[in-house]
Peer 1: 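Before anything else, here's the structure in question.
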Amino acid sequence: MTNSVRFAPPNSIIFISGSEDAELPPSDERWEGGFASTPSCIIVTCYPAPDGKTEITLEQSPASTTKTRPAFAGYLDTPTHRVIVWTFEWTKVLELKVPTNRSRVRIWTNHPNQPNEVRIAVG
Amino acid sequence: MTYSDFSVLSGRRPTAGSLRRRPSSSGHHYDPNQPRVPAGHSDGGQWTSTGGAAPSRQDDEGVVSDATSDNEWKPGVQYAIRRAGGRGGSTPPTPGQLARLALADARERAAVRAVRERDPRWQPQPNFHETVEGRIAALQATAQEAEAYLAELVRNGIGPGPFARESIPARGSEREFTPAEREEINRIGYKYGCHTCGTKNPGTQSGNFIPDHQSPNAVNRIAGGQQRLYPHCAACSWRQARWLGRWVKGKR
C-alpha cells in the first residue's frame, strides 16, 4: 500500500509520528536540517516551500527500496497502529496502518536537507 | 504608616497617583491575573480587585490621608504591613524598599508585556508574598521568568528578531508569494540578514530568503492583527517550525 502527495510543506518541514502526542526533538540548538528524531517522532526537512513542492511518499517497505542505503533508519512508536505524516501545525498529510506498536522506518531522500523527494518506507 | 504602604502590599501598582490612595479590600497576595481598571476611568490601568468589580466611589476620590479607617482594615493585611519592614519587626517599608519595589514592578511589567506581544497566551507561574520584600522577590521572579521565555521566543523566531530592520506587509496568512514580494524579501535579507540570526546566507538551494510571517500564522490565529513579512534563513525557518510544533500542542 502506497500513498503519495506533492505539496509545499509550511516551513519546509514534516513530522512523522504514530500520534499527535509525539515528543518532538528539542529545538534548542541551531540545526542545518536533515533528520532529527525521538522514539515517537521523526522530523524531515524538505525543499524550501516558497521555491517549490516536495513529493512525499509513505509506503509499506517494498523490496525494491532496500537496494540503496536509506538516509534515515530507525524505529518509531506506533501505539495507534498508524504512521502519520504531519505538517508542523499538525495537519495530517498522509497515513498508513501498521500492525505493531513499534515500527521500523526507513527514509530515502534526494538531497541531504532540502529534498524535493521524500520516500518513507515502514516495516 | 501611610496608605501607600498598604497600596504596595496589596498588589496595587505604586504609581504617583496610587501611592497615597486609601486602601481597598483587595487581598495582599500577588496575582498576575489581577484585572485592571479599564481605560477611560480615572484609575485606568491601575490594578483592581480580583473580583473584577468596578472601583468604589471612595477609591475614585482618592482620599489623601494617613488616618486609618477602622472599617477598612483587614486584620491579615494589617499584620502583613507590620511585618513588612523586616523579620518580626513592626518597621514600615522604607523609602529604599519602595524604590526597589517600583523598579521591580517596572521591570516585571515591561518583560510581561514584551512576552505577551509575541505569545498572547503566556502566563507566569503564580507566586505569593506577605511582605514588601516578598512582593519585590515575586516581581523579580516573574520578570526573570518572562525575560527567559522572551529570549527563547526570540531564538526560535517568534516575533521580529534582533536583526529585523525592514519588512513588507503580508497579504494574509497564505504562503504563496508574488515575485515582487520575494524580490523585496531578498533585498532586505541580503542587506540586513535573516531577521532572527542575522546571517546573509539564506541557506536555500535557490539563494532566496524565505518570507516569514510575523506574527507566525499559528500565533496570529490567537493574537490577530496585521502580519508582516521578514526574511528568514532556512535554518531559522526550520527551528521556528520545531518550536511551534510544540507550542501548538500546548507543550511550550
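Every chain is numbered from 1 and lettered A, B, ... according to where its sequence line falls, protein lines coming before strand lines.
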Peer 1: Should the heavy atoms of other residues, nucleotides or ligands under 6.0 Å from CZ of A:Phe7 be counted, would the total exceed 12?
Peer 2: yes

Peer 1: So which of A:Pro10, A:Pro48, A:Ala8 has the biggest tally of heavy-atom pairs under 4.5 Å with chain B?
Peer 2: A:Pro10

Peer 1: From A:Asp51 CG over to B:Thr204 OG1, what is the distance, rounded to the nearest 0.5 angstrom?
Peer 2: 5.5 Å

Peer 1: Closest heavy-atom contact between A:Glu89 and B:Asn217?
Peer 2: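 Heavy atoms of A:Glu89 and B:Asn217 come nearest at OE2-CB, 4.2 Å.
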
Peer 1: Heavy-atom distance under 4.5 Å to chain B: side chain of A:Leu24, backbone, both or neither?
Peer 2: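 Contact with chain B involves both backbone and side-chain atoms of A:Leu24.
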
Peer 1: Side chain from CB out, backbone as N, CA, C, O: work out which of these in B:Arg239 comes under 4.5 Å of a heavy atom of chain A, or both, or neither.
Peer 2: both

Peer 1: Indicate yes or no for a side-chain donor-acceptor contact from B:Arg246 to the backbone of A:Pro25 under 3.5 Å, with no hydrogens or angles considered.
Peer 2: yes

Peer 1: Looking at B:Gln240, B:Arg182, B:Arg155, which has the largest count of heavy-atom pairs under 4.5 Å with chain A?
Peer 2: B:Arg182

Peer 1: Select, from A:Asn113, A:Thr45, A:Thr87, the one with the greatest count of heavy-atom pairs under 4.5 Å involving chain B.
Peer 2: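 Going by pairs under 4.5 Å, I would pick A:Thr45.
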
Peer 1: Could you list the residues that satisfy ring-ring contact (aromatic ring centres under 6.0 Å, His included) with A:Tyr47, not counting sequence neighbours?
Peer 2: none

Peer 1: Please classify the contact of A:Ala22 with chain B as side chain, backbone, both or neither, using a heavy-atom distance under 4.5 Å.
Peer 2: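 The answer is the backbone of A:Ala22.
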
Peer 1: Between B:Cys236 and A:Arg30, which heavy-atom pair has the shortest distance, and what is it?
Peer 2: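 Reported closest heavy-atom pair: SG-NH1, 3.8 Å.
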
Peer 1: Got a sec, which residues hit ring-ring contact (aromatic ring centres under 6.0 Å, His included) with A:Trp86, two or more places apart in sequence or on another chain?
Peer 2: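 Result, ring-ring contact (aromatic ring centres under 6.0 Å, His included) vs A:Trp86: A:Trp90.
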
Peer 1: To check you understand the geometry: which heavy-atom pair defines the closest contact between A:Phe15 and B:Ala241, and what is its length?
Peer 2: CZ-O, 3.9 Å

Peer 1: I'd like to know whether CD of B:Glu183 has more than 12 heavy-atom contacts from other residues, nucleotides or ligands below 6.0 angstrom.
Peer 2: no

Peer 1: Select one option (side chain, backbone, both, neither) describing which atoms of A:Pro50 are under 4.5 Å from chain B's heavy atoms.
Peer 2: both

Peer 1: More than 12 heavy atoms of other residues, nucleotides or ligands under 6.0 Å from CD of B:Gln226: yes or no?
Peer 2: yes

Peer 1: What closest approach, in Å, do A:Asn11 and B:Trp238 show between heavy atoms, and which atom pair accounts for it?
Peer 2: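 Between these two residues, the closest heavy atoms are O-CD1, 3.2 Å.
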
